[in-house]
Student: 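Take a look at this one; I'll ask things after.
Scope of the values below: all heavy atoms of this structure, side chains included, with no hydrogens, waters or symmetry mates. Below, chains carry the letters A, B, ... as their sequence lines are ordered, and counting in each starts from 1.
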There are 2 protein chains.
Amino acid sequence: MPRKAKQGMPRAATLHDVAAKVGVSAITVSRALNSPDLVSKNLREQILAIVDELGYVPNRSARTLVSSRSYTVAVLIPSLSNTVFIDTLAGISEVLDPRGYQILIGNTAYDDEKEERLLRTHLSHKPDGVLLTGIRQRPQTLAHLAKLGIPAVHMMELDPTDACLCVGFSQEAAGRQITEHLLARGYRRIAFFGARLDPRVMQRLDGYRKALQAAGCHAAELEYLNPRPSKIGLGVEMLDTLRREHPDCDAVFCCNDDLALGVLTGCQRTGIAVPAQLAVAGFNDLEGAAWATPALTSVRTPRYRVGFEAATLLLQLMEGEATPALRQLDLGFELQLRGSS
Amino acid sequence: MPRKAKQGMPRAATLHDVAAKVGVSAITVSRALNSPDLVSKNLREQILAIVDELGYVPNRSARTLVSSRSYTVAVLIPSLSNTVFIDTLAGISEVLDPRGYQILIGNTAYDDEKEERLLRTHLSHKPDGVLLTGIRQRPQTLAHLAKLGIPAVHMMELDPTDACLCVGFSQEAAGRQITEHLLARGYRRIAFFGARLDPRVMQRLDGYRKALQAAGCHAAELEYLNPRPSKIGLGVEMLDTLRREHPDCDAVFCCNDDLALGVLTGCQRTGIAVPAQLAVAGFNDLEGAAWATPALTSVRTPRYRVGFEAATLLLQLMEGEATPALRQLDLGFELQLRGSS
DNA sequence: TGCTGCAATGTTAACGTTAACAGTGGAGGG
DNA sequence: CCCTCCACTGTTAACGTTAACATTGCAGCA
C-alpha cells in the first residue's frame with residue numbers, strides 16, 4: 001500500500017501525474033521530454049501541453065539515482081572575490097550551461113584542507129566531472145577520483161610531471177617575462193611584492209628570481225612576501241615598508257593588480273614619480289589597470305579561456321570516450337606594457 | 001535478479017557495502033552516521049572505521065528522493081562580477097555551510113526571463129528554500145513556489161506592499177540621502193549617472209529625484225541613464241558627455257562606485273578639480289572608493305549582513321515552523337563622506 | 001517468576017526516474 | 001495473403017537511501 005500522503009503537504013507533479021492525465025505510461029512522458037523522436041508528434045504535443053499545465057519539473061535526484069549521470073560538475077576555486085576566478089567561471093558556464101550541466105561551485109578560500117573537505121562533500125552529488133584550481137591536491141585524493149571514474153581537469157597552472165590534465169599557462173614564464181621587461185627598461189633594483197602566497201604567486205616569484213639571477217641582479221632582501229589577502233591597502237602598506245627599507249629600489253613587480261594599484265596609489269599620495277622614480281608592474285590586467293594613473297603595466301592572463309577550454313576538455317572526457325592527446329593545454333599570456341614602466 | 005554490473009565500471013561504496021563489511025544492516029550504518037545516539041558506541045566506532053576505509057560518501061540523490069529534504073538552497077543573483085553580490089554570497093555561506101546546506105548559485109545576468117528559467121531548472125533539485133535578489137519576480141512564479149511549499153526570501157530591497165519576505169534596505173532612501181548630502185554641501189546642478197538600470201538603480205534614481213524636487217533643483221536633462229554594464233570606462237565616457245552638454249553641472253551622483261571611479265579618473269585626466277569644480281558621489285563603498293584620489297564619498301551598504309540575515313531567516317522557515325513576525329528586515333545603510341564631495 | 005519497558009537493531013517499502021526488454025499493430029514486400 | 005520489420009508504447013525492476021514499523025533481548029521491578 002502506498003505510504004499515506006501527509007495531509008496538506010504540497011507535492012510537486014511527477015511523471016506519473018502527467019502520464020495519468022494524458023492517459024499514457026510514465027515512460028512515454030519521460031521519452032517525450034528526453035528523446036522526443038521516440039514519441040509520435042501528436043502525443044508528444046499533448047504531453048508537453050499537460051507538462052506545462054501541471055508545471056511539471058523533473059526530479060533530478062531520481063534521474064541521477066537511476067541513470068548514474070547527474071549532469072553536475074563540481075568546480076573548486078580559491079576565491080569568489082578574485083575577478084580572475086569569476087572570469088574563469090564565466091568561461092566554464094559558457095560551455096556547460098547550454099549542455100544542461102549544473103555547476104556546483106566550491107570556494108576553497110585558498111585552503112588545501114578545505115578543498116579536500118569540499119571535494120568530499122561534492123562527491124555526494126555524484127558529479128560527472130570535476131574542475132580544480134592548481135595541481136596541489138593530494139595524490140590520494142586524485143586517485144580516489146580516478147577510482148570512481150570521475151574525470152578531473154586542472155586549471156590555471158601546467159603540470160611539469162604531466163600527471164594531471166591541465167589547462168592554463170606557465171605562471172613562472174609570465175613572472176620571468178614581466179621581470180625581463182623591467183630589466184630591458186633598465187631597472188636593476190627590482191622588488192617583488194607577493195601577497196596570499198598561493199602556489200601561483202610562488203611560481204611567479206620563481207620566474208622573477210630566474211630572470212634576475214640570469215641578469216645578475218637578484219637580491220633576496222627585495223622579495224616582500226605577505227600571507228595576507230591581496231588588497232589595495234596592502235599594496236600601500238608594502239610600498240611604505242619598501243621605501244623605508246630600500247629607497248634605492250627602482251621597480252616593483254607585484255604578484256597581482258590589486259597590490260600594484262595600491263603601490264600606484266601610495267606613489268601618488270607620497271609624491272613618488274612613476275615610472276621615473278619607481279616603475280610598477282602588476283599581474284592579471286584587471287579593468288582598473290588600464291585606467292590607473294599612470295596606466296599599469298601588467299600581464300594579461302587568459303582566464304576566461306582557461307575556464308572555457310577546461311570545460312570543453314572535461315565535456316569530452318565526460319561524454320566521449322577519447323582520451324585527449326594533449327594533456328597540457330598552454331594558453332599563454334600577454335604582456336601589457338603601459339605607462340607605469 | 002540484480003541488474004548486471006558493467007564490467008570494469010567503477011562503483012562508489014554504498015551503505016550496503018559498509019554494512020556487509022561490518023556485518024550489520026544498512027539502516028544501522030545510516031543511523032551511525034546520521035543519528036549516532038541510536039547506535040551503541042562500540043558498533044558505531046567499527047562502522048565509522050569501515051566508512052573511512054572504504055571512502056564511503058553518502059549519495060545525496062537517494063537521500064533527497066526518499067526524505068524529501070535536499071539540504072540545498074537555490075540563490076539567484078544578477079551577477080558574479082559585482083562585488084556586492086559576492087559579499088552577499090559570503091554572508092549566506094557563513095550561515096548555511098555549517099548547517100550542511102549546499103548552495104546552488106544561479107547567475108541571472110540581470111535578466112528577468114533568465115531568472116525565471118534558472119529558478120525552474122533549480123527546482124529540479126528540490127531546493128528546501130530559495131534566496132532571490134529584488135522583488136521583481138512574476139507573481140505566478142512566487143505563487144508556484146508557495147504552492148510547492150518552498151520558502152523564499154528576497155534580498156537587497158524592501159517590499160512596500162509587504163507581499164514578500166525581504167531583507168535589505170531602502171535603495172530610494174539611500175539615493176535620497178546621498179543627494180541631500182550634496183545639496184547640503186551647496187551643490188545645485190547635480191547630475192545622476194545610472195548604468196545597467198536594474199530596479200535598484202531606478203530606486204536610487206527615484207530618491208535622487210525626490211531630494212532634488214524637494215529642494216527645487218531637479219533638472220531632467222542632468223539624468224544620464226545608460227543600459228550598459230557599469231564599468232570604470234563607462235564612467236569616463238559619461239563624464240565626457242556631461243562636460244560637453246552641461247559644463248555648469250557641479251556634482252554627480254553615480255549609481256555605483258565603478259562609474260564614480262571612472263568619473264574621478266576622467267577628472268584627473270582632464271584636469272577637473274574634485275570637488276572644487278565637480279563633486280562626485282558613488283554607491284556601495286567598494287574597496288577602491290577609500291583609496292581613490294580624492295577619496296570617494298559613497299554609501300556603505302550592508303550586503304554581507306543582507307546575505308547573513310536572509311539566510312538566517314530562510315533557515316528558520318526551512319527548519320522551524322514559526323512564521324517570522326517581521327516581514328521587512330531593514331538593515332539600513334551609512335553615508336561615507338570623503339574628499340570627493 | 002513473569003511482566004513492562006526501553007535500548008539496539010532489523011525488515012519492508014517507498015521516493016521518481018530510466019534501462020532493458022516486451023509487446024502491438026500497421027506498412028510494405030514477395 | 002503471410003511474413004518481416006519498424007515505429008511506437010508499455011511493463012518491470014532497479015538506483016541508494018530513509019521512514020515506519022517490527023523484533024530482540026535484557027534490565028528492572030513487583
Side-chain angles (χ1 to χ4, degrees), chain A residues 1-6 9-20 22-47 51 54-72 100 123-126 128 148, chain B residues 1-6 9-20 22-47 51 54 56-72 123-126 128 148:
Chain A
M1 192 198 292
R3 195 186 297 176
K4 200 166 114 197
K6 278 182 203 146
M9 196 56 178
R11 231 204 57 217
T14 70
L15 268 186
H16 280 93
D17 298 333
V18 177
V22 181
V24 295
S25 71
I27 190 72
T28 303
V29 178
S30 170
R31 284 200 271 249
L33 295 172
N34 301 315
S35 340
D37 304 336
L38 295 180
V39 177
S40 69
K41 184 162 169 260
N42 195 332
L43 187 51
R44 194 195 324 145
E45 282 166 1
Q46 271 181 67
I47 291 175
V51 160
L54 295 185
Y56 168 73
V57 177
N59 183 327
R60 276 206 186 224
S61 298
R63 179 199 304 233
T64 299
L65 189 56
V66 76
S67 70
S68 58
R69 285 287 272 130
S70 64
Y71 282 90
T72 291
L123 281 186
S124 70
H125 286 98
K126 303 279 153 196
D128 295 333
L148 292 176
Chain B
M1 193 197 292
R3 196 186 298 176
K4 198 167 116 196
K6 278 182 203 147
M9 194 59 177
R11 232 204 57 216
T14 69
L15 269 186
H16 281 94
D17 299 333
V18 177
V22 180
V24 295
S25 71
I27 191 73
T28 303
V29 179
S30 169
R31 285 199 270 249
L33 295 171
N34 303 313
S35 341
D37 304 337
L38 294 180
V39 176
S40 69
K41 184 161 169 264
N42 195 331
L43 187 51
R44 195 195 322 147
E45 280 165 3
Q46 272 182 67
I47 290 176
V51 160
L54 296 185
Y56 167 74
V57 177
N59 184 327
R60 275 204 187 224
S61 298
R63 179 200 300 236
T64 298
L65 190 56
V66 74
S67 71
S68 57
R69 284 287 272 131
S70 63
Y71 282 90
T72 290
L123 280 186
S124 70
H125 285 96
K126 304 280 153 195
D128 295 333
L148 292 176

Student: B/Val39 side chain: which of D/dG10, C/dT9, C/dT18 is closest?
Tutor: C/dT9

Student: Nearest whole Å is fine: how far is D/dT18 P from B/Tyr71 OH?
Tutor: 11 Å

Student: Please report, rounded to the nearest Å, how far the P atom of C/dT9 is from the CG atom of B/Asn42.
Tutor: 9 Å

Student: Rounded off to whole Å, could you give me the NZ-to-P distance for the B/Lys126 and D/dT17 pair?
Tutor: 20 Å

Student: Students often get this wrong, so: under 4.0 angstrom with heavy atoms, is A/Ser25 touching a base, only sugar-phosphate, or nothing?
Tutor: base

Student: Determine, step by step, whether B/Tyr56 and B/Leu33 satisfy the side chain to side chain contact (heavy atoms under 4.5 Å, CB included) criterion, reporting the C-alpha distance in whole Å, the side-chain angles of both residues, the deciding distance to 0.1 Å, and the verdict.
Tutor: CA-CA 11 Å; B/Tyr56 167 74; B/Leu33 295 171; 3.6 Å; yes

Student: By the 4.0 Å heavy-atom rule, please label A/Leu38 as base, sugar-phosphate, or nothing.
Tutor: base

Student: With heavy atoms under 4.0 Å as the rule, sort A/Asp37 into base, sugar-phosphate or nothing.
Tutor: sugar-phosphate

Student: May I have the distance from A/Leu65 (atom CG) to D/dC15 (atom C1'), rounded to whole angstrom?
Tutor: 4 Å

Student: Between B/Ser40 and B/Ser67, just flag the one whose closest nucleotide in DNA chain C comes earlier from the 5' side.
Tutor: B/Ser40

Student: Just N and O in the side chain of A/Ser30: are any of them under 4.0 Å from OP1 or OP2 of C/dT18?
Tutor: yes

Student: Hey, mind stepping through A/Arg69 and A/Asp128 against side chain to side chain contact (heavy atoms under 4.5 Å, CB included) and telling me if it holds?
Tutor: CA-CA 6 Å; A/Arg69 285 287 272 130; A/Asp128 295 333; 2.6 Å; yes

Student: As a test of reading the structure: which of D/dT18, D/dC15, D/dT9 is closest to the side chain of B/Leu15, going by heavy atoms?
Tutor: D/dT18

Student: Quick one: B/His16 NE2 to C/dT12 P, roughly how many Å, whole number?
Tutor: 12 Å

Student: In whole angstrom, what separates B/His125's NE2 from C/dC15's P?
Tutor: 21 Å

Student: Can you measure B/Asn59 atom CG to C/dG16 atom P for me and round it to whole angstrom units?
Tutor: 16 Å

Student: CZ of A/Arg63 versus C1' of C/dT17: gap in Å, rounded?
Tutor: 8 Å

Student: Taking for each residue the nucleotide of DNA chain D with the nearest heavy atom, is it A/Ala26 or A/Lys41 whose nucleotide lies nearer the 5' end?
Tutor: A/Lys41

Student: Using a cut-off of 4.0 Å on non-hydrogen atoms, how would the nucleic acid contact of B/Arg31 be classed: base, sugar-phosphate, or nothing?
Tutor: base

Student: Using distance alone, with no hydrogens and no angle criterion, decide if A/Ser25 and A/Thr28 have a side-chain donor and acceptor under 3.5 Å apart.
Tutor: yes

Student: Can you identify which nucleotide, out of C/dG10, C/dT18, C/dT17, has its nearest atom closest to the A/Asn34 side chain?
Tutor: C/dT18

Student: Can you tell which of D/dT17, D/dT9, D/dC15 lies closest to the side chain of A/Val66?
Tutor: D/dC15

Student: Let's go through A/Arg11 and A/Asp17 carefully: what are the C-alpha distance in whole Å and the side-chain angles of both, what is the deciding distance for side chain to side chain contact (heavy atoms under 4.5 Å, CB included) to 0.1 Å, and is it a yes or a no?
Tutor: CA-CA 11 Å; A/Arg11 231 204 57 217; A/Asp17 298 333; 2.5 Å; yes

Student: Using only atom types and a distance under 3.5 Å, with no angle test, would you say the side chain of B/Arg31 pairs donor to acceptor with the backbone of B/Asp37?
Tutor: no

Student: Of the options D/dT17, C/dG16, D/dA19, whose atoms approach the side-chain atoms of B/Ile27 most closely?
Tutor: D/dA19

